[in-house]
Structure formats: structure tokens, C-alpha cells
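To start, the structure itself, in C-alpha cells.
Both backbone and side-chain heavy atoms feed into the values below; hydrogens, waters and symmetry mates do not. Both counts, for ligands and for their atoms, begin at 1 and track the order of listing. Position 1 is the first residue of the sequence; numbering continues from there.
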Amino acid sequence: SHQNSSKPSKPKRVMVIGGDGYCGWATALHLSNKGYEVAIVDSLIRRLFDHQLGLDSLTPIASIHNRLRCWQSVTGKTIELYIGDICDFEFLSETFNSFEPDGVVHFGEQRSAPYSMIDRNRAVFTQHNNVIGTLNVLFAIKEFRDQCHLVKLGTMGEYGTPNIDIEEGYITINHNGRTDTLPFPKQASSFYHLSKVHDSNNIAFTCKAWGIRATDLNQGVVYGVRTDETEMHEELFNRLDYDGVFGTALNRFCVQAAVGHPLTVYGKGGQTRGYLDIRDTVQCVELAIANPAQPGEFRVFNQFTEQFSVNELASLVTKTGEKLGLDVKTISVPNPRVEAEEHYYNAKHTKLIELGLKPHLLSDSLLDSLLNFAIKFKDRVDTKQIMPSVSWKKIGVKPKTVAA
Ligand code: NAD
Ligand code: USQ
């Protein structure tokens, strides 16, 4: 349907908002390598969160300026840089008018569920930063670049864990003899995940009202660190978070195994989510950019390649770790979150495959290389940051410091 004769030519100029972060950095380099003109827009607030909470990436990461100088010296390609906060509309307008994007990939949000559950202040910050930032992007597109395609990072967590199959964005319901295709019900379970639901609603509305063209990528949990581009030079290395606030399930387990910390399965460990390799994140975004949504179309893709429970991930890491001579143990940590620990989960994910995604499925060799990567940098691990420190039930209005 979106591949008719009025299909616009391939967008050339892509703005990557949040391009200094984990998914954004890998994607900006990938698009630049593929011949797109790329600009990174980032407030660098993610680096500030690390300073404030006393956290650090497993891998040493160069400053954004050194990263971009290195990219230019290695490949001869230039990536433009705009440092600022997209909640500041004047700044965002400047970037739009100066760069004139054909496509915007929006990664620039506070993306940690635990961070959003630390205290009232962080909950409010997360929703303000994410919802207002995205609203500003929608207004900037309407005002300055009305044909620009928005590729927005959403999350599988918008859907929660319903006891029915999860569709890609929409579900056809037959009710009292009438039928309609409606947005799939949303049941997010953190103030962060809820910010993505609010974003999706605002984007859907502006597609209808203003004819914005948008793709919402409901991404699952990302794992891995290397991509073709980030491994070209040490100064291009991506960040890898393993701490209890920003670290995500499989990446955390690999770092835990490397330093001899027991794997931290929360509660019963039946929590099942969609996962994907960061090499597929960059591939999916490129596919979405190369095949834009139509004017007025609010397109939703579920962006993950495989489902796992945390118990399954722990046992995979244990097996691969043992082959490398590591002694891997697992502990059950009282669940700091409020979520189902045993549940049905079956989410559709065919639309990106139809566009040509060739998945990198989780294999022994990937786990092996991620574990070896973690072993290489294990002296940088602060084991005090591994256990979770944020409780969903204990959130209150009192400002909290989480670092030990
Ligand atoms: P990240 O925190 O590493 O990167 C986000 C970047 O956005 C940071 O560099 C930060 O400084 C920037 N940013 C935040 N607010 C901004 C603002 N107001 N103005 C300008 N820049 C701002 O996060 P990530 O892991 O790369 O995630 C990127 C996106 O993908 C997020 O929207 C996240 O919700 C989504 N996502 C991530 C995962 C995952 O497993 N990492 C999974 C699903 C979806
Ligand atoms: N979990 C453990 N042990 C750990 C860490 C996590 O059992 O040490 C469990 C959690 O309780 C949860 C599941 O693993 O059930 C996933 O947690 P996570 O921290 O890996 O991921 P999550 O909080 O859902 O957030 C991450 C990203 C977020 C993105 C989301 C995609 O930080 O930006 O939106 O993954 S999804 O999960 O599909 O919503």
C-alpha cells in the first residue's frame, strides 16, 4: 500500500535526535556509512545522568566531538552536530531551518524505566522531557518541513503483557455486531513506558490532523555493543550500560557473568519480552527511513526479532559462560518492579521482515563475543552499581539520591 507510484524518492538528509546515545550513535554512523547526510541533535543529558548518579558505561566512550572527528578521519564522512535540548523550541527550529531534514529519527528521550521511578522529580522530568520534546518535533515538522518523515522510537512496553496476542499497532475488533480497526490497547508499567504511550497518541493525532507522515517503532530490549561502524576505531566505541538504572537485561547478565556477580533474575523470572541485536536496530531504522510512511499515515512496527523470558536469558548466559571457563551463578532478587512474573506473551513482528530485515538471531557466537567484550573491560566495572536500587512501590515525592 505504501509502495505506490507516488512514493517519494529516497530521503537524503536525516536528523538523528539522541545521536550520542546507545541506539542513536550506532544508527547515526550506520546511516552516514550508507550515504545519507546525517546530523546529530543531542543535549548530552545522558552523560549528565551518569555523573549525577555515579554511573559509567562499561566501555570508555569518547566525547561527541572526538567521536565525530574520528569518524571523519576514518571514513572521510562528515556528521553535523547540534547540541541542545529539543524541549527548547527555538533551538529545535534553528536545527530544522539550518539542516532541512527529509527524515528525522527520534531517539532523544529519557529511556530508563527505573530512572523514571526514582522519585516524583524524575517521574515528572521523564514525562516532560519525552512528551514535550516529541510535541516540539511534531510542530517543527508541521511548520518547517511538512514532507519530512518522522521515525519515532517507541517501545514494546507500551502494550504491557495482555493475555492475547499482541498485534502491530492496531487490532480489528468485532463488538456488538460492528467491526473497527483500533489502536491496540496500551498497558504500560512505568512512568517512562507511559511517556511513550502519550507520545504515540500525540503522533497519531497529528498524522490525522496535519497529515504528518510517521513511523512508530515499538522496539524491544536491545542487546550487544558492536556494529560494523563502531568497531572501526576505539574512539567510535558505543556505550554499554550494566548498572541497575540504565543497564538492560541481557547486557547486564553478560557483564555480571564476566565479573563473577550472580545473574540478577527479578522475582520468578518468567517476564517475557521481545529482544533484538543492536545491529538489527540500525538495520530496522534504515529500512523505515528508506521506505517512508505516506502523508497522514501513522505506521506502527514491532521492532524485535525474538522473545525470551529472563530465566531463559540467564540459562543461555550460564551455558556460554561455562564454555569460556566462567563460574556463573543466578540469584533470585526480590522484584523491585510491579509486573507479571508469569504470563502469556506472543507479539507479532512481521512488518520489518516484509520490508527486508535480515535478523541477527541470538547465537552462541554473539553471546561469546559479548561476554569476551565484557571480560576485556571488566576492571572498569563498579560492582556496587549492579544490584537494583529503585523500587516501584517506594517512589514518593521526596528527592532521592540513588548512588551508594
Ligand atoms: P540513551 O539514553 O543511550 O540515548 C538517548 C539520547 O537522547 C542521549 O544521548 C540523550 O542525551 C539524548 N536526549 C534525551 N533527552 C533529550 C532532549 N530533550 N533533547 C536532546 N537530546 C536528548 O538511550 P537509548 O538506549 O539509545 O534509547 C534510544 C531510544 O530508543 C529511546 O527513545 C528509547 O526509549 C528507545 N528504546 C531503547 C531500547 C534499549 O534497549 N536501549 C529499547 C527500546 C526502545
Ligand atoms: N530484569 C531482570 N533482571 C535484571 C534486569 C531486568 O529480571 O537485572 C527484568 C525486568 O524486571 C523486566 C525485564 O527484565 O521484566 C526487562 O527489563 P530491562 O531493564 O531489560 O528493560 P526495560 O525496563 O523494559 O527497558 C528497556 C529499555 C527501554 C525500552 C524497553 C523495551 O531501557 O528504553 O523501552 O527496554 S521493552 O522492554 O520492550 O519495553
Side-chain angles (χ1 to χ4, degrees), residues 16-27 40-50 57 64 82-88 91-92 95 105-117 125-126 128-130 132-134 136-137 152-161 188-190 192-193 195-196 199 217-223 238-239 241-253 256 263-276 278 281 285 302-304 308-311 313-314 330 332-333 335-341 347 386-388 392:
V16 180
I17 303 174
D20 186 47
Y22 173 56
C23 300
W25 176 240
T27 302
I40 285 176
V41 175
D42 203 299
S43 60
L44 309 186
I45 197 162
R46 178 67 187 79
R47 293 177 186 250
L48 181 64
F49 299 148
D50 276 355
S57 160
I64 186 68
Y82 299 91
I83 293 176
D85 182 345
I86 62 165
C87 292
D88 172 356
F91 161 75
L92 187 64
T95 68
V105 188
H106 180 16
F107 293 103
E109 299 199 329
Q110 191 302 100
R111 69 106 176 122
S112 157
Y115 186 94
S116 76
M117 302 302 290
F125 168 81
T126 299
H128 178 97
N129 185 64
N130 296 2
I132 307 306
T134 297
N136 280 347
V137 171
K152 166 66 170 49
L153 272 290
T155 176
M156 286 301 292
E158 293 183 40
Y159 303 118
T161 55
S189 65
S190 74
Y192 153 71
H193 287 100
S195 75
K196 296 287 194 184
D199 284 340
L217 297 176
N218 285 337
Q219 186 170 239
V221 187
V222 182
Y223 59 81
N238 206 343
R239 63 179 310 122
D241 302 309
Y242 64 88
D243 61 88
V245 176
F246 283 95
T248 51
L250 183 55
N251 287 345
R252 267 165 70 68
F253 288 175
Q256 291 166 354
L263 309 188
T264 54
V265 167
Y266 298 167
K268 295 193 181 120
Q271 300 94 306
T272 303
R273 301 288 183 268
Y275 287 79
L276 73 163
I278 191 160
T281 295
V285 171
N302 290 347
Q303 180 168 314
F304 71 95
F308 299 101
S309 70
V310 282
N311 282 331
L313 293 179
T330 293
S332 171
V333 176
N335 198 336
R337 307 184 179 200
V338 177
E339 60 185 358
E341 295 174 0
I386 289 179
M387 290 300 279
W392 265 225

Under 4.0 Å, heavy-atom basis, I'd like to know which part of Phe246 is in contact with ligand 1: side chain, backbone, both or neither.
neither
So which of Ile86, Leu276, Thr281, Leu153 gets nearest to atom 19 (N) of ligand 1, if we judge by its closest heavy atom?
Ile86
Pick one of side chain, backbone, both or neither for how Arg111 approaches ligand 2, counting any non-hydrogen atom pair under 4.0 Å.
both
What's the shortest distance from atom 44 (C) of ligand 1 to any protein heavy atom, and which residue and atom give it?
Gln219 NE2, 3.2 Å
State whether a side-chain donor-acceptor pair under 3.5 Å links Gln110 with Ser116.
no
Output yes when the distance from some N or O of ligand 2 to some N or O of Thr155 is under 3.5 Å, and no in every other case.
yes
Arg239 NZ/CZ over Phe246 ring centroid, <6.0 Å and within 45° of normal:
no
Is there a polar contact, in the sense of an N or O pair closer than 3.5 Å, between Pro114 and ligand 2?
no
Heavy-atom nearest option to atom 26 (C) of ligand 2, drawn from Thr248, Thr161, Leu263
Thr248
Minimum-distance protein heavy atom relative to atom 37 (O) of ligand 2
Val221 CG2, 3.4 Å
For atom 24 (O) of ligand 2, state which one of Arg252, His193, Glu339 supplies the nearest heavy atom.
His193
Heavy-atom nearest neighbour in the protein, as seen from atom 2 (O) of ligand 1, with distance rounded to 0.1 Å
Arg46 CD, 3.0 Å
Go through ligand 2 atom by atom and flag the ones less than 4.0 Å from a non-hydrogen atom of Ala249.
14 (O), 18 (P), 20 (O)
Among Gln219, Gln271, Arg337, which residue places a heavy atom closest to atom 17 (O) of ligand 2?
Arg337
Just jot down the ligand 1 atoms closer than 4.0 angstrom to any heavy atom of Asp85, in number order.
17 (C), 18 (N), 19 (N)
Main chain of Leu153, side chain of Lys196: is a donor-acceptor contact present, judged purely on distance under 3.5 Å?
yes
When you measure from the heavy atoms of Ser112 to every atom of ligand 1, does any distance fall below 4.0 Å?
no
I need the atoms of ligand 2 closer than 4.0 Å to a non-hydrogen atom of Gly220, numbered in the order shown.
31 (C), 38 (O)
Ligand 2 to Tyr192, heavy atom cutoff 4.0 Å, flagged ligand atoms 28 (C), 29 (C), 33 (O), 34 (O)
Which protein heavy atom lies closest to atom 3 (O) of ligand 1, and at what distance to 0.1 Å?
Tyr22 N, 2.9 Å
Starting from atom 23 (O) of ligand 1, locate the nearest protein heavy atom and write down its residue, its atom name and how far away it is, to 0.1 Å.
Arg111 CG, 3.2 Å
